[in-house]
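Here the structure is a predicted model, which is why all the values come from computation and not from measurement. Values reported hereafter were calculated over all heavy atoms of this structure, with side chains retained and with hydrogens, waters and symmetry mates removed.
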Amino acid sequence: MKETVTDPLLFFLASILFGVCLQAIYDIIRGIRRVFYHKSVFLFIEDIGFGIFTAVMAFIFLCTYNDGELRGFFFLGIVVGMILYYQLCSKFLLMAVIHIAEKLKKIIRQFEKVCLRPGIHIKRNLKWQLKKEKKQVTMALKKQIKRGGKSDNTKETK
């Protein structure tokens, strides 16, 4: 008799913990989104990926802890866990993730400056030099056309 009461209770408590974990994972995603700009296509892909991840994890959870039986208090436990987590500690994890992501963003920017900027600088200089050479060649051709095709180096003999 004791097992028939405690098993559903433990399953309900485990589903609350499952809801807390899902909300924590989504808070990590939210924190990263606040620091790193995403286009709407990537937001959509992230949300679809999180939905698929949630569905797979819920299926594994149900198969592991409740022999695959779908019960109403499983969903109630997830919702209660998510609400409890959101009210009690979501703000702290979100601030920590934002702080870590901002530090990571600074490190990435420093890496860009050290490793990628010289290449960009060389590309700009090369482009500028080519533009300058093109201008000189164009001016020389225009002079040549004005003279009627005669070059400066050839002297006409009389």
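- Pairing each heavy atom of I25 with each of F50, the nearest pair is CG2-CE1, 3.7 Å.
- For F61 and F11, the ring centers are positioned less than 6.0 Å apart.
- F44 CZ: 12 or fewer foreign heavy atoms inside a 6.0 Å radius.
- Remark: Y65 OH is loosely packed, at most 12 non-hydrogen atoms of other residues, nucleotides or ligands lying under 6.0 Å away.
- Heavy atoms of other residues, nucleotides or ligands lying less than 6.0 angstrom from CZ of F42 number 12 at most.
- Connection of I60 to I52 is established within a shared hydrophobic cluster, with ILVMFWY side chains joined at heavy-atom distances below 4.5 Å, either directly or through further cluster members.
- One N or O on the side chain of K105 and one on the backbone of V35 form a donor-acceptor pair closer than 3.5 Å.
- Within the 4.5 Å cutoff, no side-chain heavy atoms of Q23 are placed close to those of I83.
- Around NE2 of H38, the count of heavy atoms belonging to other residues, nucleotides or ligands within 6.0 Å exceeds 12.
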Checking Y26 against T54 for the side chain to side chain contact (heavy atoms under 4.5 Å, CB included) test, could you report, in this order, the C-alpha distance in whole Å, the side-chain angles of both residues, the deciding distance, and whether it holds?
CA-CA 10 Å; Y26 195 72; T54 301; over 6 Å; no
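- One finds the CD1 atom of I100 at 11.0 Å from the CD atom of E102 (value rounded to the nearest 0.5 Å).
- Nearest heavy atom pair, residue S15 against residue G77, reads OG-CA, 3.4 Å.
- At a threshold of 4.5 Å between side-chain heavy atoms, the hydrophobic network of Ile, Leu, Val, Met, Phe, Trp and Tyr places I29 and F18 in one connected group.
- Taking all atoms of both residues into account, the shortest heavy-atom contact from V97 to I32 is CG1-N, 4.0 Å.
- More than 12 heavy atoms of other residues, nucleotides or ligands sit less than 6.0 Å from atom CZ of F73.
- Atom CG of L43 sits about 12.0 Å away from atom CD1 of I48, to the nearest 0.5 Å.
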With side chain to side chain contact (heavy atoms under 4.5 Å, CB included) as the test, would you mind laying out the steps for K103 and H99 before giving the verdict?
CA-CA 6 Å; K103 295 279 185 189; H99 180 72; 3.6 Å; yes
When you look at Y86 and D27, which way does the side-chain hydrogen bond (donor to acceptor under 3.5 Å, both in side chains) test go after all the steps?
CA-CA 9 Å; Y86 186 77; D27 271 351; over 6 Å; no
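- Among pairs with a residue in residues 41-60, those fulfilling salt bridge (charged side-chain N to carboxylate O under 4.0 Å, His left out) read R33-E46, R33-D47, at least two apart in sequence or across chains.
- Taking CG from L94 and SG from C89, the interatomic distance works out to 11.5 Å, rounded to the nearest 0.5 Å.
- A continuous path of Ile, Leu, Val, Met, Phe, Trp and Tyr side chains, each step under 4.5 Å between heavy atoms, connects F75 with L13, placing both in one hydrophobic cluster.
- There is a path of hydrophobic side-chain contacts, each under 4.5 Å, that joins M57 to V80.
- Within the 4.5 Å cutoff, the side chain of L76 has heavy atoms near those of the F12 side chain.
- Residues I28 and L22 do not share a hydrophobic cluster, clusters being chains of Ile/Leu/Val/Met/Phe/Trp/Tyr side chains in contact below 4.5 Å.
- Counting heavy atoms from C-beta outward, S90 and R30 have side chains that approach closer than 4.5 Å.
- Contact between L70 and F74 at its shortest, heavy atoms only, is CD1-CD2, 4.2 Å.
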